[in-house]
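A short worksheet on the structure shown next.
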Amino acid sequence: MRRDVRILLVGDEGVGKSTIVTSLIKEVFVAHVQHVVPEVTIPPEVNPENVTTYIVDSGAGPQDRQHLESEVRKAHVICVVYSIDNPHSFDRIPTYWLPLFRQLGVNVPVILVGNKIDLRGGEVTNEALEEEIIPIMNEFKAFETCVECSAQLPLNVSEVFYFAQKAVLHPTAPLYDSREHVLKPACVSALKRIFKLCDANKDGVLDAAELNEFQRKCFDAPLQLQELEGIKDMVREHAEGGVRDDGLTEAGFLYLHTIFIQRGRLETTWAVLRKFGYAEDLRLTEPFLLPKFDVPHDCSVELSPQGYQFFTDIFETFDKDQDGALNSAELEELFSTSPGNPWEIQKFPDTTLVDDKGAVTLQGWLAQWSMTTLLDHKTTLAYLAYLGYPDEQRTSALLTTRPRKLDRRKGKVSRNVFLCYVCGAAGSGKTSLLRSFAGKPFREAYEPTSKMVSVVNAVDIDGSEKYLVLQEFGSKYEAETLRASKKTDLADVIVYVHDSSDTNSFSYISNLRQQYTLDHTPTLFVATKSDLDLAQQRHEVQPDVYCRRLGLQVPVAVSVKTGQTADVFHAICSIAMNPHAAIPGGADRAMTASEKLRVYVAFTALLGGVSAGLVMLYRSLLRQEILPSWTTPWATWLLGRWDP
């Protein structure tokens with residue numbers, strides 16, 4: 001919600017714009033005021049909305065035109081004032097003032113203000129006023145309301161500015177169609193989403209406990225029993241199907257807000273909408289969807305225990321048939337409060353575990369969110385908001401890990417979700433390896449990978465469950481990924497896959513490693529299609545010799561077709577957790593140049609200290625004639641180095 005409101009008064013000469021402003025400030029009528037009074041600033045402390053209010057007067061003469069147009073463009077709300085005793089000033093509203101606003105491209109709320117009500121002769125009914133005003137309000141939809149006042153009495157002067165301020169802070173236009181007397185579609189959609197989020201048990205009714213929680217969240221106070229019964233009685237009487245099983249239905253919830261708006265209590269509906277993250281355009285705000293969450297360099301993001309608990313709870317809530325899996329209909333209902341399934345373009349649920357009917361299991365569901373959080377934590381943050389994470393501090397659902405390089409130096413990793421790049425020549429079996437990991441059946445037909453593929457599953461390591469994400473890029477994007485150090489630094493392990501039955505397959509890997517700097521990343525070599533005849537690789541050395549020269553284990557032989565995967569996924573996870581033994585060429589390769597320099601300087605300083613100590617020891621022993629004479633040549637040389 002904005003923190004300031006700029007109110008502009010316009011109208012023909014002599015309608016009383018300046019006297020309205022003066023009467024508000026002085027609280028008495030001032031007969032003679034200047035042509036245009038100076039801008040008035042009302043501080044936030046003196047109004048209940050706690051916003052700074054600027055009240056701007058304007059003139060209607062030719063000499064005032066430039067100032068008028070400038071102020072119209074700056075205004076948040078415009079009060080068009082006419083005089084009750086001057087019908088011409090009213091007639092000029094549709095013929096002059098409204099066209100002027102359109103010409104200047106202004107789209108702000110407009111309040112119609114009838115001044116000098118004290119000069120009206122005789123009584124005027126509400127019906128007669130409506131006949132006069134409604135045609136204008138229908139023509140110009142920006143009109144919020146009409147207020148009649150008298151600056152002389154004074155009467156309703158403060159109401160003019162109350163409604164003007166309210167039109168900015170709690171506008172009608174986004175919520176309600178005044179012509180049709182119904183909620184607008186965007187408002188209905190937002191309120192339906194809020195109803196679904198508040199319906200904790202998803203039975204289609206807000207019971208007493210759910211209504212109390214809604215009231216506490218939005219207004220920081222519970223509903224009294226008498227108030228609750230009064231609401232339900234009113235809804236029963238006027239909204240068919242609004243109450244069911246002694247609870248409020250969606251229809252009843254919408255009816256309540258319609259009544260609030262029709263009775264001028266727009267602030268109530270806006271308070272609800274804003275509490276659930278909606279802005280004036282009835283879209284969820286960016287700060288609501290993406291609260292500040294800093295991720296230090298080289299760190300990754302994982303779900304916290306609270307995050308895993310939330311996604312477990314929501315899974316169990318929408319698993320209506322209680323079969324331990326979410327089918328497509330249940331997933332659709334789960335994501336109904338969001339823009340939709342966030343993984344639709346990723347061939348979900350092929351990316352994770354499903355049951356024999358293709359429904360996503362709880363393990364697969366949590367694994368998928370673990371992968372999403374690792375690869376794009378902003379998506380997880382946004383969906384925590386869409387799905388109704390109960391803690392307003394949604395960042396409590398996430399945590400950042402220790403930097404990868406620090407983990408590698410220490411030789412032990414404390415993280416729970418790991419990223420592995422799977423590289424290799426086209427047709428080497430990378431996709432089959434990924435499908436096997438996600439529990440998908442083997443496919444005989446070869447389909448080239450045209451875009452990045454990611455899969456995830458849980459791996460048990462010594463009784464502790466870790467999540468492993470495997471990514472394949474396809475030959476088109478593989479080089480692009482490996483060329484970028486920012487991307488390779490994200491990988492916990494690189495797996496190089498070659499087809500053990502193809503004589504040219506290993507050369508692709510060797511060339512890849514020569515082209516790009518990859519020796520700082522823990523590595524595993526995998527030989528696929530072990531069910532076929534082993535081919536001699538056209539390379540200067542065979543894969544096992546190549547690996548031994550790098551100080552790595554020989555390639556793990558697997559056959560996805562026959563189901564012989566040699567527990568390769570467990571091996572990948574173990575390497576990610578204990579990376580030292582899998583750094584090509586030794587663990588020191590994992591250090592950066594600056595880290596190596598620091599180690600070298602420290603070692604040199606240590607060596608220098610030891611040498612100096614030996615010299616001092618020798619001199620001491622020599623003075624005491626303890627050392628034999630055969631030490632003299634060596635000592636003389638050493639002293640010559642240290643004692644110029």
Side-chain angles (χ1 to χ4, degrees), residues 1-6 44 47-53 74-77 107-109 142 144 165-177 183-199 213-220 253-254 257 260-261 265-295 301 303-304 306-307 310-311 314 334-342 369 372-373 376-398:
M1 190 169 73
R2 65 169 61 250
R3 304 316 308 162
D4 66 319
V5 175
R6 192 171 184 85
N47 72 72
E49 296 289 355
N50 196 33
V51 295
T52 303
T53 304
K74 290 191 290 185
H76 299 147
V77 56
N107 184 24
V108 296
E144 285 282 325
Q165 190 181 71
K166 192 174 177 181
V168 176
L169 301 178
H170 315 297
T172 304
L175 308 184
Y176 190 72
D177 187 330
L183 297 175
K184 288 188 174 179
C187 180
V188 171
S189 178
L191 290 173
K192 281 184 175 181
R193 176 178 172 273
I194 292 169
F195 178 88
K196 286 182 178 181
L197 292 177
C198 295
D199 182 14
E213 178 57 24
F214 165 77
Q215 180 79 5
R216 184 204 61 76
K217 179 181 176 70
C218 296
F219 306 104
D220 202 26
F253 188 71
L254 293 174
H257 285 281
F260 290 148
I261 293 168
R265 290 177 54 191
L266 287 101
E267 64 274 14
T268 302
T269 299
W270 274 117
V272 171
L273 291 165
R274 286 173 179 138
K275 195 66 181 180
F276 282 84
Y278 287 94
E280 275 67 23
D281 60 359
L282 293 184
R283 294 179 183 176
L284 293 171
T285 65
E286 187 170 327
F288 179 78
L289 291 175
L290 299 175
K292 185 176 174 58
F293 186 78
D294 295 325
V295 182
V301 183
L303 288 172
S304 67
Q306 297 99 303
F310 171 73
F311 284 117
I314 204 168
L334 188 154
F335 286 122
S336 64
T337 58
S338 75
N341 189 325
W369 280 113
T372 301
T373 306
D376 181 13
H377 72 275
K378 290 184 177 180
T379 295
T380 301
L381 268 179
Y383 270 78
L384 286 166
Y386 289 135
L387 301 177
Y389 184 69
D391 190 345
E392 291 186 10
Q393 297 296 321
R394 287 193 306 286
T395 53
S396 66
L398 307 182

Does some side-chain heavy atom of [Y] sit less than 4.5 Å from a side-chain heavy atom of [X]?
X	Y	result
His257	Val272	yes
His170	Glu144	no
Thr269	Arg265	no
Leu387	Thr337	yes
Thr52	Val5	no
Tyr278	Thr285	no
Ile261	Leu266	yes
Phe310	Ser304	no

Problem - Sole residue of Phe311, Phe335, Tyr389 in side-chain contact (heavy atoms from CB on, under 4.5 Å) with Tyr383 - result: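 Considering Phe311, Phe335, Tyr389, a side-chain contact (heavy atoms from CB on, under 4.5 Å) with Tyr383 is found only for Phe335.
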Above 12 or not: heavy atoms from other molecules or residues under 6.0 Å from [atom1] of [X]?
X	atom1	value
Asp376	CG	yes
Lys184	NZ	yes
Asp220	CG	no

Exercise for the section: Would you please test Glu49 and Val168 for side chain to side chain contact (heavy atoms under 4.5 Å, CB included) and show each step? Expected result: CA-CA 11 Å; Glu49 296 289 355; Val168 176; over 6 Å; no
Minimum-distance pair of heavy atoms, taken over all atoms of [X] and [Y]:
X	Y	answer
His377	Phe293	CD2-CD2, 3.8 Å
Leu384	Ala397	CD1-CB, 3.5 Å
Arg2	Leu169	CG-CD2, 3.8 Å
Phe219	Ala271	CE2-CB, 3.7 Å
Leu183	Tyr176	N-CD1, 4.0 Å
Lys196	Ser336	NZ-OG, 3.3 Å

Problem - Gap between atom SG of Cys187 and atom CH2 of Trp270 - 0.5 Å precision - result: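 Reported to 0.5 Å precision, the distance equals 7.5 Å.
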Handout entry: CZ on Phe253 to NZ on Lys192, rounded to 0.5 Å
Key =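 Here the rounded value is 12.5 Å.
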Problem - Expected output: side-chain Thr373 to main-chain Trp369 donor-acceptor under 3.5 Å - result: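 Judged by distance alone, yes, a pair lies under 3.5 Å.
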Practice task
Give a yes or no on whether the backbone of Asn50 and the side-chain of Arg3 come within a donor-acceptor separation of less than 3.5 Å.
Solution key: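 The answer is yes, because a donor-acceptor pair under 3.5 Å joins these two groups.
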Practice task
Take Leu398 and Leu303, measure what side chain to side chain contact (heavy atoms under 4.5 Å, CB included) needs, and give me the verdict at the end.
Solution key: CA-CA 5 Å; Leu398 307 182; Leu303 288 172; 3.8 Å; yes
Practice task
Begin with the C-alpha distance, continue with both residues' side-chain angles, and end with the deciding distance and a verdict on side chain to side chain contact (heavy atoms under 4.5 Å, CB included) for Leu175 and Leu273.
Solution key: CA-CA 10 Å; Leu175 308 184; Leu273 291 165; 3.6 Å; yes
Practice task
Would you kindly check if the NZ (Lys) or CZ (Arg) of Lys275 is within the cone defined by 45 degrees around the ring axis of Phe214 and under 6.0 Å from the six-membered ring centre?
Solution key: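 Pair Lys275/Phe214 does not count as cation-pi.
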